[in-house]
**Student:** 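Here it is: the structure, laid out below.
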Amino acid sequence: MKVVFISLLLPGIVCAQFFSKVTTGPLVNTPGDTRSVNWIDVNQDGFVDCFLSNGPSGGQNNFLFINNGGGSFTRITTDTITKDLTPSDGATFGDINNDGNPDACVVNWYNVNNLLYTGIAGGSFSRQTGPIVANDAGYSETASWGDYDNDGLLDLYVTNSAGNRKNFLYHNTGNTTFTKIITGPAVNDTYYSRCVNWTDIDNDGDPDLFVTNESLQNENIYRNDGGGNFTALTSGPLLTNGGNTMSGSWGDYDNDGDMDVFLANDQGFNALFRNNGNFNFTKVLNDTLVKTPAHSFSSAWSDVDNDGDLDVFVTNAFLPGTKQVNFFYTNNGNGTFTRNATDIITQDSAWYYGCAFADYDNDGFEDLAVATCRFAGIDQPDRLYHNNGNTNKWLTITLQGTISNRMAIGAKVRVKAIINGSPVWQMREITAQSAYCGQSDMRAHFGLGNATQADSIKIEWPSGIVAYYTQVSANQFVQYVETGTSRIAETDGLGRGDLRVYPNPAAKHINLELKGTTFDTNDMVTITDAKGTTLKSVKLNNSTRQLRFENNNPVLRPGQYVILVNHQGKVYTAPLLISISE
């Protein structure tokens, strides 16, 4: 792989480049009429691969590029996922059968059936033609996996912009089978829908639906009321400022713990809405981010410089006869943005569709891929930009669900670090669709600035389990596996259910109680770590209900653990948080 560093200077100003343009290799030298960019580790080797969908009216094969691990890619042409010859728009990857292999839905326009692929160990795919997902034709723009009922199985939402314009919702019933939902506003409204996001707008633990619409129509929020029920909301500035909206991308740009949204507009100006909680938003009016005339289609959030706040990249296209350049805005850390018009990612002119960030070379800084579509009747090669990095620290977190869906889609990761002397909380939500025709790296990436560690990590799993970790060193990739069957009660620190563990958080000892009964002499208590590894097993009785951790008995580092008690043939579990001091 070859990267070219280009320095662009304005009079009297020296401008450092955040990115270098990759100029060699098949990913950037294979022309196509490309729509979506999806970063996903299809072969589970620790390096994210790149899937690109192509969508001319006559159909075109999609692209899959396998990451070789040294910064280069190999194009795959023999796998079924690259031999469809259909007019594809968006794509979304998730593990629909929880077997550890990524699966994919690729949607088509022109009333052509959408595509469903199940992953096979090693990085290949099998096309499925039986499920309703693959036998439902429409004018589909994009799709996203999300577990709306938190049953551990990923469901699917698909947008349509023509035909009868009704969007599709499929409930995953297991074994790669789905039921099409036909009642409710989310599947019966008839807008010109472009983009869908599953995101927990109100922080209540279940994903809501956000759909963007073009042709000056208002956007849609379908609030998740639980039990498979959705309510269409209609009030507030986010839902009454309709434009020619191509997409929405969600991110906590102001680090206040909830998800804000950027809207890409094909005609006029883009928009930014700050989340105030409970589905209330404030439209940002006086920032450069929303004052640049645009023909925008997609956007993606990333902490490009690892300084502790999210920056945003925006693609542009389809001004007749005129190539476009893209937009890049850096976060100033105070709720405002500065437009960077000199970086290489803003200099290439073409027509652009999807975009997505990922750390493809695992150096701790997120890189950028951009889909380039046909201009003047000629297919264009796609773009890849390598992040040049700096001295700022970082942390990248991978989640594996066990009770939740395997890829932990819908989980929230919150990280606190002391950056420039001040405590900063950041939040990322694991999603299978980051914007219109874009799926960024599903590993949660955090810039830590000058912090050498994350003081606290809080993981909110879709199942309701909450896990805590402390004092995690910077500049590393870490993986957390969902453990336990009950949630830590944040009010009293006790495990919910029949097993009570206290103090919790603890440092040197814990006490155990079983609701409504006492321990027997044959009862066994086990402590495991987050990966399920057994650290201690002892018998309990009525008089020994206290475990101590000093003197290698064992000494437990701060973090999240699980307590399991086997009492009369039944296993009771509760989470345990070990803190620095009691």
**Student:** Can a donor-acceptor pair be found, under 3.5 Å and without considering hydrogens, that links the side chain of Asn54 to the backbone of Pro87?
**Tutor:**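 Side chain of Asn54 to backbone of Pro87: no pair is present.
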**Student:** For Val314 versus Ser296, what's the shortest heavy-atom pair and its separation?
**Tutor:**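 What the structure gives for the nearest pair is CG1-OG, 3.4 Å.
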**Student:** Tell me, please, which residues at least two apart from Pro381 pass side-chain contact (heavy atoms from CB on, under 4.5 Å).
**Tutor:**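 Applying side-chain contact (heavy atoms from CB on, under 4.5 Å) to Pro381 gives Arg383.
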**Student:** Does any N or O in the side chain of Thr86 come within less than 3.5 Å of the main-chain N or O of Ser88, such that one atom is a donor and the other an acceptor?
**Tutor:**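 Not a single qualifying donor-acceptor pair exists.
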**Student:** Check whether any side-chain heavy atom of Ile409 lies under 4.5 Å from a side-chain heavy atom of Thr431, and answer yes or no.
**Tutor:**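 No, every pair of side-chain atoms sits at 4.5 Å or beyond.
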**Student:** Hey, mind stepping through Phe262 and Leu289 against side chain to side chain contact (heavy atoms under 4.5 Å, CB included) and telling me if it holds?
**Tutor:** CA-CA 9 Å; Phe262 176 87; Leu289 189 70; 3.8 Å; yes
**Student:** I'd like to check the ring-ring contact (aromatic ring centres under 6.0 Å, His included) partners of Tyr192; sequence neighbours left out, ordered by chain and number.
**Tutor:**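 Partners of Tyr192 by the ring-ring contact (aromatic ring centres under 6.0 Å, His included) criterion come out as none, since no residue qualifies.
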**Student:** Does a side-chain heavy-atom distance below 4.5 Å link Val48 with Ile40?
**Tutor:**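 In short, these two side chains do not touch, never coming nearer than 4.5 Å.
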**Student:** Has Asp79 got a side-chain atom pairing as donor or acceptor with Phe125's backbone, closer than 3.5 angstrom?
**Tutor:**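 Such a contact is found between Asp79 side chain and Phe125 backbone.
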**Student:** Identify, with sequence neighbours excluded, every residue that meets ring-ring contact (aromatic ring centres under 6.0 Å, His included) alongside Phe65.
**Tutor:**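 Residues passing ring-ring contact (aromatic ring centres under 6.0 Å, His included) with Phe65: Phe63.
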**Student:** Let me confirm one number: the OG1-CZ distance from Thr346 to Phe328, rounded to the nearest 0.5 Å.
**Tutor:**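 Result: 9.0 Å between the selected atoms.
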**Student:** Do Asn108 side-chain atoms and Tyr139 backbone N/O form a donor-acceptor pair below 3.5 Å?
**Tutor:**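 Side chain of Asn108 to backbone of Tyr139, a donor-acceptor pair under 3.5 Å: no, none is there.
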**Student:** Below 4.5 Å, heavy atoms only, C-beta onward: do Asn38 and Ser36 meet side chain to side chain?
**Tutor:**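 Yes. Closest side-chain heavy atoms under 4.5 Å.
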**Student:** Under 3.5 Å, is there a donor-acceptor pair between the Thr336 and Asn334 side chains?
**Tutor:**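 A pair is found: one side chain offers a donor N or O, the other an acceptor, under 3.5 Å apart.
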**Student:** From Thr342 OG1 over to Gln347 CD, what is the distance, rounded to the nearest 0.5 angstrom?
**Tutor:**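 Here the rounded value is 7.0 Å.
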**Student:** Can you measure from CZ (Phe269) to CG (Leu285) and round to the nearest 0.5 angstrom?
**Tutor:**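 Answer rounded to 0.5 Å: 12.5 Å.
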**Student:** Any heavy-atom pair between the side chains of Glu141 and Thr212 that's under 4.5 Å?
**Tutor:**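 Not touching, per the 4.5 Å side-chain cut-off.
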**Student:** Of all the heavy-atom pairs spanning Gly71 and Tyr360, show the shortest one and how long it is.
**Tutor:**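 Taking Gly71 first and Tyr360 second, the nearest heavy atoms are O-CE1, 3.8 Å.
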**Student:** For the CD atom of Gln433 and the CZ atom of Phe93, what is their distance to the nearest 0.5 Å?
**Tutor:**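 Separation between the atoms: 11.0 Å.
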**Student:** For residues Asn220 and Asn213, is any side-chain donor paired with an opposing acceptor at under 3.5 Å?
**Tutor:**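 Yes - a donor-acceptor pair under 3.5 Å links their side chains.
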**Student:** Tell me if the aromatic rings of Phe337 and Tyr253 count as close, with their centers under 6.0 Å from one another.
**Tutor:**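 Ring centres of Tyr253 and Phe337 closer than 6.0 Å.
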**Student:** Can a donor-acceptor pair be found between the side chains of Arg443 and Asn362 at a distance below 3.5 Å?
**Tutor:**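 Short answer, yes.
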**Student:** Dump the intermediate steps for side chain to side chain contact (heavy atoms under 4.5 Å, CB included) on Ser299 and Ser249, then the final yes or no.
**Tutor:** CA-CA 6 Å; Ser299 62; Ser249 57; 2.6 Å; yes
**Student:** Please name all residues satisfying side-chain contact (heavy atoms from CB on, under 4.5 Å) with Asp200, sequence neighbours left out, ordered by chain then number.
**Tutor:**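 Once residues adjacent in sequence are excluded, the partners of Asp200 under the side-chain contact (heavy atoms from CB on, under 4.5 Å) criterion are Asp202, Asn203, Asp204, Asp208, Lys412, Glu429.
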**Student:** Applying ring-ring contact (aromatic ring centres under 6.0 Å, His included), name anything that partners Phe477, two or more places apart in sequence or on another chain.
**Tutor:**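 ring-ring contact (aromatic ring centres under 6.0 Å, His included) check on Phe477 returns Trp394.
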**Student:** When you check the side-chain N and O atoms of Asp382 and Thr34, is any donor under 3.5 Å from an acceptor?
**Tutor:**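 Result is yes, a qualifying pair exists.
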**Student:** With side chains defined as the heavy atoms from C-beta onward, is the minimum distance between Leu156 and Leu154 less than 4.5 Å?
**Tutor:**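 They are not in contact (no side-chain heavy atoms under 4.5 Å apart), so the answer is no.
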**Student:** Ignoring hydrogens and angles, tell me if any N or O in the side chain of Ser298 forms a donor-acceptor pair with the backbone of Gly354 under 3.5 Å.
**Tutor:**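 No, Ser298 side chain to Gly354 backbone: no donor-acceptor pair under 3.5 Å.
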**Student:** Between Phe18 and Tyr385, is the gap from one ring center to the other below 6.0 Å?
**Tutor:**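 They do not qualify: ring centres at least 6.0 Å apart.
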**Student:** In terms of side-chain geometry, is the basic nitrogen of Asp252 or Arg428 positioned less than 4.0 Å from the acidic oxygen of its partner?
**Tutor:**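 Judged by the 4.0 Å cut-off on N to carboxylate O distance, Asp252 and Arg428 do not form a salt bridge.
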**Student:** Assess the residue pair Glu366 and Leu368 against the criterion (side chain to side chain contact (heavy atoms under 4.5 Å, CB included)); give the C-alpha distance rounded to whole Å, side-chain angles, the decisive distance to 0.1 Å, and a yes or no.
**Tutor:** CA-CA 7 Å; Glu366 292 209 299; Leu368 174 66; over 6 Å; no
**Student:** Can you check side-chain hydrogen bond (donor to acceptor under 3.5 Å, both in side chains) on Tyr329 and Asp311, steps first, answer last?
**Tutor:** CA-CA 6 Å; Tyr329 302 90; Asp311 313 297; over 6 Å; no
**Student:** With a 3.5 Å cut-off and no angle check, do the side chains of Asn392 and Asp305 form a donor-acceptor pair?
**Tutor:**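 Side chains of Asn392 and Asp305: no pair found under 3.5 Å.
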**Student:** Checking side-chain polar atoms at under 3.5 Å, does His386 have a donor or acceptor matched by the opposite partner on Asp361?
**Tutor:**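 Judged by distance alone, the side chains do pair up.
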**Student:** side-chain hydrogen bond (donor to acceptor under 3.5 Å, both in side chains) for Trp109 and Ser57? Distances and angles first, verdict last.
**Tutor:** CA-CA 8 Å; Trp109 217 71; Ser57 59; over 6 Å; no
**Student:** Answer with yes or no whether the side chains of Asp103 and Thr118 bring together a donor and an acceptor at under 3.5 Å.
**Tutor:**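 Checked: Thr118/Asp103 side chains show no N/O donor-acceptor pair below 3.5 Å.
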**Student:** Closer than 3.5 angstrom, by distance alone: can the side chain of Asp254 be matched with the main-chain N or O of Gly335 as a donor-acceptor pair?
**Tutor:**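 No, the answer is negative, given that no donor and acceptor are paired below the 3.5 Å cut-off.
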**Student:** Heavy atoms only: give me the nearest Ala454-Val415 pair and the separation to one decimal.
**Tutor:**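 Between these two residues, the closest heavy atoms are CB-CG1, 3.7 Å.
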**Student:** Ile457 and Tyr480: which non-hydrogen atoms are nearest, and at how many Å?
**Tutor:**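 Reported closest heavy-atom pair: CD1-OH, 3.7 Å.
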**Student:** Checking side chain to side chain contact (heavy atoms under 4.5 Å, CB included) for the pair Glu219/Phe210: CA distance, chi angles, key distance, verdict?
**Tutor:** CA-CA 8 Å; Glu219 325 307 342; Phe210 179 71; 3.9 Å; yes
**Student:** I need the minimum non-hydrogen distance between Asn387 and Asp363, along with the two atoms involved.
**Tutor:**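 Of all heavy-atom pairs spanning Asn387 and Asp363, the closest is O-OD2, 4.1 Å.
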**Student:** Does the pair Gln439 and Ser434 meet the rule for a side-chain hydrogen bond (donor to acceptor under 3.5 Å, both in side chains), with working shown?
**Tutor:** CA-CA 5 Å; Gln439 183 173 4; Ser434 28; over 6 Å; no
**Student:** Does the gap between the ring centers of Tyr352 and Phe297 come in under 6.0 Å?
**Tutor:**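 They do not qualify: ring centres at least 6.0 Å apart.
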**Student:** Does the pair Asp89/Arg35 count as a salt bridge with the N-to-O cut at 4.0 Å?
**Tutor:**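 Yes.
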**Student:** Please assess His295 against Asn265 for the test side-chain hydrogen bond (donor to acceptor under 3.5 Å, both in side chains), listing each intermediate value before the final yes or no.
**Tutor:** CA-CA 6 Å; His295 294 275; Asn265 200 311; over 6 Å; no
**Student:** Can you confirm whether Lys21 sits close enough to Asp348 that some side-chain heavy atom of one is under 4.5 Å from a side-chain heavy atom of the other?
**Tutor:**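 Yes, close enough: below the 4.5 Å cut-off.
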**Student:** Could you pull out all residues at least two apart from Asn29 that satisfy side-chain contact (heavy atoms from CB on, under 4.5 Å)?
**Tutor:**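 Asn29: no side-chain contact (heavy atoms from CB on, under 4.5 Å) contacts found.
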**Student:** Whether the Asn98 and Asn405 side chains hold a donor-acceptor pair (N or O, under 3.5 Å, no angle test) is what I'd like checked.
**Tutor:**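 Their side chains do not contain a donor-acceptor pair, so the 3.5 Å distance test is not met.
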**Student:** Could you tell me whether the side chain of Cys195 reaches within less than 4.5 Å of the side chain of Thr159, counting heavy atoms only?
**Tutor:**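 SC-SC contact between Thr159 and Cys195 ruled out.
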**Student:** Below 4.5 Å, heavy atoms only, C-beta onward: do Phe446 and Thr396 meet side chain to side chain?
**Tutor:**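 Contact flag for Phe446/Thr396 side chains = no.
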**Student:** So which atom in Asn62 and which in Leu52 form the shortest heavy-atom distance, rounded to 0.1 Å?
**Tutor:**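 Nearest pair, atom of Asn62 first, then Leu52: CB-O, 3.5 Å.
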**Student:** Checking side-chain polar atoms at under 3.5 Å, does Asn326 have a donor or acceptor matched by the opposite partner on Thr315?
**Tutor:**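 No donor-acceptor contact under 3.5 Å links the two side chains.
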**Student:** Hey, would you say the Tyr436 and Tyr353 ring centroids sit under 6.0 Å apart?
**Tutor:**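 Judged by ring-centre distance (under 6.0 Å), Tyr436 and Tyr353 do meet the cut-off.
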